[in-house]
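We're numbering straight along the sequence, starting at 1.
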Amino acid sequence: MKFEILAPAGGMESLIAGVRSGANAVYLGGKLFNARRNAGNFNDDELKMAVEYCHQRGVKVYLTLNILVSDEEMPLAYKTVENALGAGVDAFIVQDLGVAKMIRECFENARIHASTQMSIMTPMGVQQAKEMGFSRIVLPREMSLEEIAQIRNKTDMELELFVHGALCMSVSGQCYLSSMIGGRSGNRGLCAQPCRLPFTAGGDNKNALSLKDLSIISELDRLDGITSLKIEGRMKRPEYVSAAVTAVKKAIDGNFNSADELTLRSVFSRSGFTNGYLNAKLGRDMFGIRQKEDVIKAADVLKEISHNYDNENPLLPIDMKFVCKNGRPCSLTATALNKTVTVVGDVPEKAINKLMTAESLRQRLSKLGGTQFYPQDIEISLDEGLILPVSKINELRRRAVAQIEATEKVQVVSKPFRPIMHRIKISKPYLTASFLSAQQIPDKHPFERVFIPISSSLEDFVDNRAGVTLPRGLFGMEEKITSRLLKLKRAGVKNALCGNIGSYRLARELGFNVYGDFGLNIYNSESARQINSPILSFELTLDKANEINADDTGIIVYGRVPLMLTRNCPVKNDIGCFECGGNGALTDRKGYEFPVVCNDYPCSEVLNSVPIYMLDRMNEVHTDFAHFYFSTETVGEVMDIIDLCSKGEKAPFLYTRGLYQRGT
């Protein structure tokens, strides 16, 4: 098996631990613009040192730019990319469509990897990412082997897969729980992990949103076509990084055993590990929390593991050719890290007593202790009867290694970035709406565009002249969705609301008028200009949303917005579908209830406990349109909401302004 082992590095000690334990690449963040902003991370000088250290050992460095970036931040993001390229960073892991566009247009030699935060889970999504300039896809953790194979069979792009580390309950990039209830957004790098707090779903599970950690290290032989094996854990300690890298390396070599798995569990686990998603076996066995015994087990193991990276490990081969001829300066040519150097020394003298031999020279040149190299092929070309001081031979070896290690200055090829100026919109926004059911739609309504779920009947689409809302969770469903869309098209459906770049491309290729849903996380003008009529991220402040400079943008002004998109329905796992009856909900430790919505596709959605409500402040909304997100409301309640909007009245029920005032 040939894999890249990709290790997390929250700081320099973790980076060294990963590299010395056998990682082929590391991923790390700068002080800004990364999804683990609470890790130690690296400033510009530290990043340069980190890249130099890694490149001297044949290890690649990927910089995380995997958060949403505002218009005001985009020039600084540009500068971050420019500095990182100057330091020699090999690729950037990106979530934001606008950041990807900026990198693609301004830095033609830069490589960008599509973050798992982009929720790319279908062949069409991969195809769209390739068109956008990405060279690698970081697949969602929730994918099964069959779903991975569907993508692998239809693309030549590099695929990266998480093989060990924490599992989020929500699909990455589609979780707004932390931001909406605590103002700390995972899409902005500050997730507070409220899902690990107590939530109940009607049964006896007090932690209904807490999954065990993922570990599929023992199943690497099943991962055909995967380029990179990724270890989660930039917030974890160096011993964790070393243990995980060592385990993956042993598994690749066929030496991973139950003792290694026990070590991993002792370092960190939440009631053990799960491989449920990979094997399409979801359910209650996937859930777990950090328990007292998990913590106790770690104490003794951590100290032992720390010795794994105390010293430099000779992980790289080096070839040498030593030439020592009568009357000519001796020379040493060394080859490693795809580089060949030659250093020249003194003229050898005639030996009086002890002669140099090829074997003695080979032994002397092999003394590479304390470096990352081990001797591979050593060729000696030696005339008889010559002598050279041992110190001179050692000096030649050290000089050759130093030149191999020397990093060349990187020339950054760039074009200037010209930020899009803000646009002030003063017209009154028109109204659009999406409904969970066609039965919620009143006979008369003010909405210019109406959308209902793809599973709705053909009659519902025709009777309501409705467009189709495509599911955000598309795992393994591309063919089924294609077939359904073709039927809808024949029935006269023209519009499609898409919250995933895969569904967006699919609907567009089938001839629909496509519109961008909130799941695309459109957070800046550069992103908005790539999507038709996007519903902007509800993690923007209202002021920032109003200033987005793109045609026909909108925001959600009413609705219980989804806080999680999850393959593992928490209610089904706790009390079962029969007991739920389609009316399931989660309850947090404060007693707030969060409705859970199921559908015919592979994911459930956890809705906010109260709706966003901006209908009494519509004079402050300056986007082109305002969107209503109807979910649990009856048709009567929908009519009441429409009436409140027309009158501009305050809500007679509990509501939230979301993040439109406080931001993230």
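- When every heavy atom of Ile548 is checked against every heavy atom of Ala528, the shortest pair comes out as CG2-CB, 3.7 Å.
- Within a 6.0 Å sphere centred on CE of Met157, other residues, nucleotides and ligands contribute more than 12 heavy atoms.
- With rounding to the nearest 0.5 angstrom, the OG1 atom of Thr656 is 5.0 Å from the CE atom of Met180.
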Take Phe475 and Val171 through the test side-chain contact (heavy atoms from CB on, under 4.5 Å) and record every step on the way to the result.
CA-CA 11 Å; Phe475 298 97; Val171 175; 4.0 Å; yes

In residues 645-655, what donor-acceptor pairs under 3.5 Å come from side-chain atoms, sequence neighbours left out?
unit_1, atom_1, unit_2, atom_2, d
Ser646, OG, Asp643, O, 2.7
Lys647, NZ, Asp643, OD2, 3.2
Lys650, NZ, Asp616, OD2, 3.4

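- The 12-atom threshold is exceeded at CD of Glu620, counting heavy atoms of other residues, nucleotides or ligands nearer than 6.0 Å.
- The closest donor-acceptor contact from the side chain of Asn524 to the backbone of Glu526 lies under 3.5 Å.
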Show your reasoning for whether side chain to side chain donor-acceptor pair (under 3.5 Å) applies to Arg529 and Asn549.
CA-CA 8 Å; Arg529 291 190 170 198; Asn549 190 345; 3.2 Å; yes

Please lay out, stage by stage, how Glu593 and Ser609 fare under the test side chain to side chain donor-acceptor pair (under 3.5 Å).
CA-CA 5 Å; Glu593 288 195 352; Ser609 58; over 6 Å; no

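- The backbone N or O of Met118 lies less than 3.5 Å from no partner atom in the side chain of Ser115, so there is not a single donor-acceptor pair.
- Rounded to the nearest 0.5 Å, atoms CD1 (Ile555) and CG (Asn546) are 6.5 Å apart.
- To the nearest 0.5 Å, the span separating CD1 on Ile120 from OG1 on Thr116 amounts to 9.0 Å.
- Ring geometry for Phe518 against Tyr629 counts as perpendicular: the plane angle is over 60°, on a 0 to 90° scale with 30° as the lower cut.
- A cation-pi arrangement, defined by a distance under 6.0 Å to the six-membered ring centre and an angle within 45 degrees of its axis, is absent between Lys212 and Phe287.
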Stepwise side chain to side chain donor-acceptor pair (under 3.5 Å) check, Asp552 with Ser533
CA-CA 5 Å; Asp552 202 33; Ser533 302; 2.5 Å; yes

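- Arg560 places a side-chain N or O within donor-acceptor distance of the main-chain N or O of Asn608, the cut-off being under 3.5 Å.
- In this structure a side-chain-to-backbone donor-acceptor pair under 3.5 Å is missing from Thr200 to Gly202.
- Arg423 and Asp624 are joined by a salt bridge, as a carboxylate oxygen and a charged side-chain nitrogen come within less than 4.0 angstrom of each other.
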Could you walk me through whether Arg234 and Tyr27 pass the side chain to side chain donor-acceptor pair (under 3.5 Å) check?
CA-CA 9 Å; Arg234 282 193 290 138; Tyr27 65 103; 5.2 Å; no

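- The shortest distance between side-chain heavy atoms of Met102 and Val81 falls below 4.5 Å.
- Cation-pi geometry between Lys487 and Phe461 is not met at under 6.0 angstrom from the ring centre and within 45 degrees of the axis.
- Pairing each heavy atom of Thr469 with each of Ser434, the nearest pair is OG1-CB, 4.3 Å.
- In this model, no donor atom of one side chain and acceptor atom of the other lie less than 3.5 Å apart for Asn599 and Ser455.
- Ion pairing of Arg188 with Glu73 is present here, as a side-chain N (NZ or NE/NH1/NH2) and a carboxylate O approach within less than 4.0 Å.
- Ring-plane geometry between Phe417 and Tyr78 is classed as parallel, the angle between the planes falling under 30 degrees on a 0 to 90 degree scale with a further cut at 60.
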Evaluate salt bridge (charged side-chain N to carboxylate O under 4.0 Å, His left out) for Glu547 paired with Lys544, printing each intermediate quantity in order.
CA-CA 5 Å; Glu547 292 173 346; Lys544 287 182 178 179; over 6 Å; no

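- Here the side chain of Asn500 pairs a donor or acceptor atom with the backbone of Ser119 at under 3.5 angstrom.
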Please step through ring-ring contact (aromatic ring centres under 6.0 Å, His included) for the pair Phe628 and Phe447, ending with a clear verdict.
CA-CA 9 Å; Phe628 290 65; Phe447 305 119; 5.2 Å; yes

Would you sort out whether Arg472 and Glu605 count as a salt bridge (charged side-chain N to carboxylate O under 4.0 Å, His left out), showing the intermediate values?
CA-CA 10 Å; Arg472 289 178 294 147; Glu605 293 184 310; 2.3 Å; yes

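- Within a 6.0 Å sphere centred on CG of Asp443, other residues, nucleotides and ligands contribute 12 heavy atoms or fewer.
- Rounding to the nearest 0.5 Å places OG of Ser437 at 11.5 Å from CD of Glu633.
- Across every non-hydrogen atom of Val621 and Pro429, the tightest pair is O-CD, 3.7 Å.
- With rounding to the nearest 0.5 angstrom, the CZ atom of Arg136 is 9.0 Å from the CG atom of Leu159.
- One distance of note links CG of Asp71 with CE of Met421; it measures 10.5 Å at 0.5 Å rounding.
- For the pair Asn573 (side chain) and Cys569 (backbone), a donor-acceptor distance under 3.5 Å is present.
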Apply side-chain contact (heavy atoms from CB on, under 4.5 Å) to the pair Gln95 and Leu68, showing each step before the final yes or no.
CA-CA 7 Å; Gln95 174 188 11; Leu68 304 180; 3.8 Å; yes

Do Leu563 and Cys175 pass the side-chain contact (heavy atoms from CB on, under 4.5 Å) test, and can you show the C-alpha distance, the side-chain angles, and the key distance before you say yes or no?
CA-CA 6 Å; Leu563 302 186; Cys175 185; over 6 Å; no

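- By the 4.5 Å heavy-atom criterion applied to side chains, Ile535 and Leu497 are counted as neighbours.
- In terms of modelled atom types and a separation under 3.5 Å, the side chain of Glu147 and the main chain of Met121 share no donor-acceptor contact.
- No salt bridge links Glu142 with Arg567; every basic N to acidic carboxylate O contact stays at or beyond 4.0 Å.
- With Asn532 contributing its side chain and Val514 its backbone, the two residues share a donor-acceptor pair below 3.5 Å.
- Lys428 NZ: 12 or fewer foreign heavy atoms inside a 6.0 Å radius.
- The minimum heavy-atom distance linking Pro570 with Ala201 is given by the pair O-CB, 3.7 Å.
- Here the two rings, on Tyr504 and Tyr515, have centers that are 6.0 Å apart or farther.
- Proximity of a side-chain donor or acceptor of Glu232 to a complementary backbone N or O of Phe162 within less than 3.5 Å is not detected.
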Between Leu458 and Leu488, does a side-chain contact (heavy atoms from CB on, under 4.5 Å) hold up when you go through it step by step?
CA-CA 7 Å; Leu458 294 180; Leu488 294 178; 3.4 Å; yes

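- No salt bridge links Lys206 with Asp574; every basic N to acidic carboxylate O contact stays at or beyond 4.0 Å.
- A donor-acceptor pair under 3.5 Å is formed between the side chain of Thr566 and the backbone N or O of Met169.
- Applying side-chain contact (heavy atoms from CB on, under 4.5 Å) to Met564 and the options Leu586, Val606, Val596, Leu607 leaves one that passes, Val606.
- Remark: the Arg141 side chain and the Ser172 side chain contain an N/O donor-acceptor pair separated by less than 3.5 Å.
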